[in-house]
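Owing to the predicted nature of the structure, the values given are computational and were not obtained by experimental measurement. For this chain, numbers begin at 1 and follow the sequence in order. In listed order, ligands and their atoms are each counted from 1. These numbers come from the heavy atoms of this one structure, side chains and all, not from hydrogens, waters or symmetry mates.
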Amino acid sequence: MSDELLRQVQRHGSPRPVHIAVIMDGNGRWARGRALPRPFGHKAGMSAVREAVEGALAAEVEVLTLFAFSQENWQRPAEEIGALMELLQEYILKEMAELVEQGVRVRFLGDLDRLAPSSRDAVDRLMKATESGGKLALNICISYGARAELTRAARLLAEEVAAGRMHPSEVDEDAIARRLYTAQFPDPDLLIRTSGELRISNFLLWQLAYAELYVTPVLWPDFTRRHLWEAILEYQRRDRRFGKVTV
Ligand code: FPP
């Protein structure tokens, strides 16, 4: 795809982010602005997911982690939860062949045991079907909360210590990171949040320690691959210090 923005990303002297995380926000406001029920915003948000995936592939990003449904979202009205779960199944059905063809490996991260059996089956099918994808790792966080993820890691470690398989002195940062859902991935370099909100919202609290933050006022359903490339370009202009000094 020839696009000036993409060319700028490719020609920039600084490295691109290897891992981008995204808080996809603003579906409800997008729908309200058009006097439509909220699920219409989520439906439009599904097309933006495709844009983000294709934009990431074009820019050769290795890992894209999307926050699709939080543990707190289980408290939304049953009707909205139902619509979101239906959309998830629709996404899986519609996109599976293309994701396989594009070399995208999809993983769902979160407390998947809370999903209804039909959603769980669909999620498992997509993970299995895309298993050999090597171009982009697409992580879709559903029923996900960072505090719950860290609590789970602490519990797993406690169990190993209690069983005598581990000594308390071996509980270090690495041991914790290896028990998170994201164990096999590097930490996100860049976090994008749409809709202008300045919050982390219990997303990847451990993994985002040194991520660059990029907030755009664009509502998620309006997000395109070009918005992704703009964020990447902004990232490339930043000076990452990881707490150190660079001169
Ligand atoms: C936040 O907007 C978005 C969500 C809670 C759901 C995200 C879902 C999608 C983008 C579509 C489906 C995705 C996949 C991967 C199939 P909000 O409802 O909180 O918006 P608001 O803050 O404007 O009310």
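If you check which protein heavy atom lies closest to atom 11 (C) of ligand 1, you get His42 O, 3.4 Å. Here the heavy atom of the protein found nearest to atom 12 (C) of ligand 1 is Leu87 CD2, 4.3 Å. Protein heavy atom at the shortest distance from atom 13 (C) of ligand 1 is Val49 CG2, 4.0 Å. The closest protein non-hydrogen atom to atom 9 (C) of ligand 1 is Asn27 ND2, 3.7 Å. Of the protein's non-hydrogen atoms, the one nearest atom 3 (C) of ligand 1 is Met24 O, 3.2 Å. Among protein heavy atoms, atom 22 (O) of ligand 1 sits closest to Arg29 NH2, 2.9 Å. Here the protein heavy atom with the shortest distance to atom 18 (O) of ligand 1 is Arg38 NH2, 2.7 Å. From the protein, the heavy atom lying nearest to atom 6 (C) of ligand 1 is Ala68 O, 3.2 Å.
At a threshold of 4.5 Å between non-hydrogen side-chain atoms, the residues Trp220 and Asp25 do not count as touching. Counting only heavy atoms from C-beta outward, the side chains of Glu86 and Ser119 never approach each other to under 4.5 Å.
Taking each of Val22, Leu88, Ile140, Asn73 in turn, the one with a heavy atom nearest to atom 5 (C) of ligand 1 proves to be Asn73.
Distances between N or O atoms of Asp25 and those of ligand 1 include at least one value under 3.5 Å. Some N or O of Gly28 is nearer than 3.5 Å to an N or O of ligand 1, by distance alone.
The proximity of Trp30 to ligand 1, defined as any non-hydrogen pair under 4.0 Å, does not occur for either the backbone or the side chain. Neither the backbone nor the side chain of Leu66 comes within 4.0 Å of ligand 1, counting heavy atoms alone. Contacts between Arg76 and ligand 1 below 4.0 angstrom, taking non-hydrogen atoms only, involve the side chain exclusively.
Taking the six-membered ring for Trp and thresholds of 30 and 60 degrees, Tyr210 and Phe242 have ring planes inclined between 30 and 60 degrees apart.
Between Arg178 and Asp174 there is a salt bridge, since a side-chain N of the basic residue sits under 4.0 Å from a carboxylate O of the acidic one.
A cation-pi arrangement is present between Arg34 and Trp30 under the rule of less than 6.0 angstrom and at most 45 degrees off the ring axis.
Heavy-atom contacts of Trp220 reach the following atoms of ligand 1: 10 (C) (cutoff under 4.0 Å).
In the model, Ser118 has no side-chain atom that pairs as donor or acceptor with a side-chain atom of Asp121 under 3.5 Å. For Asn139 and Thr65, the side-chain atoms include at least one donor-acceptor pair closer than 3.5 Å. For Glu149 and Tyr144, the side-chain atoms include at least one donor-acceptor pair closer than 3.5 Å.
Contact analysis puts Gly26 in contact with ligand 1, with a non-hydrogen atom separation below 4.0 angstrom.
With Asp189 contributing its side chain and His19 its backbone, the two residues share a donor-acceptor pair below 3.5 Å.
Considering only residues two or more places apart in sequence or on other chains, Glu51 meets the salt bridge (charged side-chain N to carboxylate O under 4.0 Å, His left out) condition with Arg225.
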